[in-house]
Trainee: 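Handing you a structure now.
Side chains included, hydrogens not; waters and symmetry mates left out as well; all remaining heavy atoms used. Along the sequence shown, residues carry numbers from 1.
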Amino acid sequence: MDIDIIFKIAAIGIAIAVLNQVLIKAGREEQAMMTTLAGVIVVLMLIIQMITEFFDTVKTFLTF
């Protein structure tokens with residue numbers, strides 16, 4: 001497993017958390033929620049790509 005993907009997910013999480021707090025302090029709770037939701041979707045897409053690569057690797061390993 002590549003360590004870069006973990007750093008990428010952590011950076012997205014930190015950026016979204018900071019942006020969320022700034023938007024909440026500015027009184028923009030709806031935009032903060034949408035930003036958080038967008039961050040979750042981006043991270044889920046990264047994880048889905050990793051799972052897909054994993055299953056492809058297992059499939060090629062088990063193919064005779």
Trainee: Do V58 and F61 sit in the same hydrophobic cluster, where Ile, Leu, Val, Met, Phe, Trp and Tyr count as joined when their side-chain heavy atoms come under 4.5 Å apart?
Mentor: yes
Trainee: Please report the interatomic distance OG1(T52) to NZ(K59), rounded to the nearest 0.5 Å.
Mentor: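 NZ of K59 is found 12.0 Å from OG1 of T52.
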Trainee: When Q31 is tested against each of E29, R28, M33 for side-chain contact (heavy atoms from CB on, under 4.5 Å), which residue passes?
Mentor: R28
Trainee: As an exercise, state the distance from OG1 of T57 to CG of L62, rounded to the nearest 0.5 Å.
Mentor: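 These two atoms lie 10.5 Å from each other.
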Trainee: Could you state the interatomic distance from CG (L37) to CG (N20), rounded to the nearest 0.5 Å?
Mentor: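 Between L37 CG and N20 CG, I get 11.5 Å after rounding to 0.5 Å.
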Trainee: How far does OG1 of T36 sit from CD1 of I24, to the nearest 0.5 angstrom?
Mentor: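 With rounding to 0.5 Å, OG1 (T36) is 7.0 Å from CD1 (I24).
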Trainee: Identify whether V40 and L46 are in the same connected component of the hydrophobic contact network (ILVMFWY, side-chain heavy atoms under 4.5 Å).
Mentor: no
Trainee: Are M45 and I9 connected, step by step, through hydrophobic side chains (Ile, Leu, Val, Met, Phe, Trp, Tyr) whose heavy atoms are closer than 4.5 Å?
Mentor: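 They do not share one cluster, since no chain of ILVMFWY contacts under 4.5 Å joins M45 to I9.
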Trainee: Quick one: closest heavy-atom pair of G39 and I12, and the distance?
Mentor: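 Closest pair (atom of G39, atom of I12, distance): O-CG2, 4.3 Å.
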Trainee: Taking atom CE of M34 and atom CG of L23, what is their separation to the nearest 0.5 Å?
Mentor: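 Atom-to-atom, M34:CE and L23:CG are 12.0 Å apart.
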Trainee: Do I6 and I14 sit in the same hydrophobic cluster, where Ile, Leu, Val, Met, Phe, Trp and Tyr count as joined when their side-chain heavy atoms come under 4.5 Å apart?
Mentor: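 Different clusters: I6 never reaches I14 through Ile, Leu, Val, Met, Phe, Trp or Tyr contacts under 4.5 Å.
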Trainee: Can F54 be reached from I3 by stepping across I, L, V, M, F, W or Y side chains whose heavy atoms are under 4.5 Å apart?
Mentor: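 I3 and F54: one cluster.
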Trainee: Rounded to the nearest 0.5 Å, how far does CD1 of I5 lie from NZ of K8?
Mentor: 5.0 Å
Trainee: Start with the C-alpha gap between I51 and I47, add the side-chain angles, then the distance that decides, and say whether side chain to side chain contact (heavy atoms under 4.5 Å, CB included) holds.
Mentor: CA-CA 6 Å; I51 291 171; I47 292 172; 3.9 Å; yes
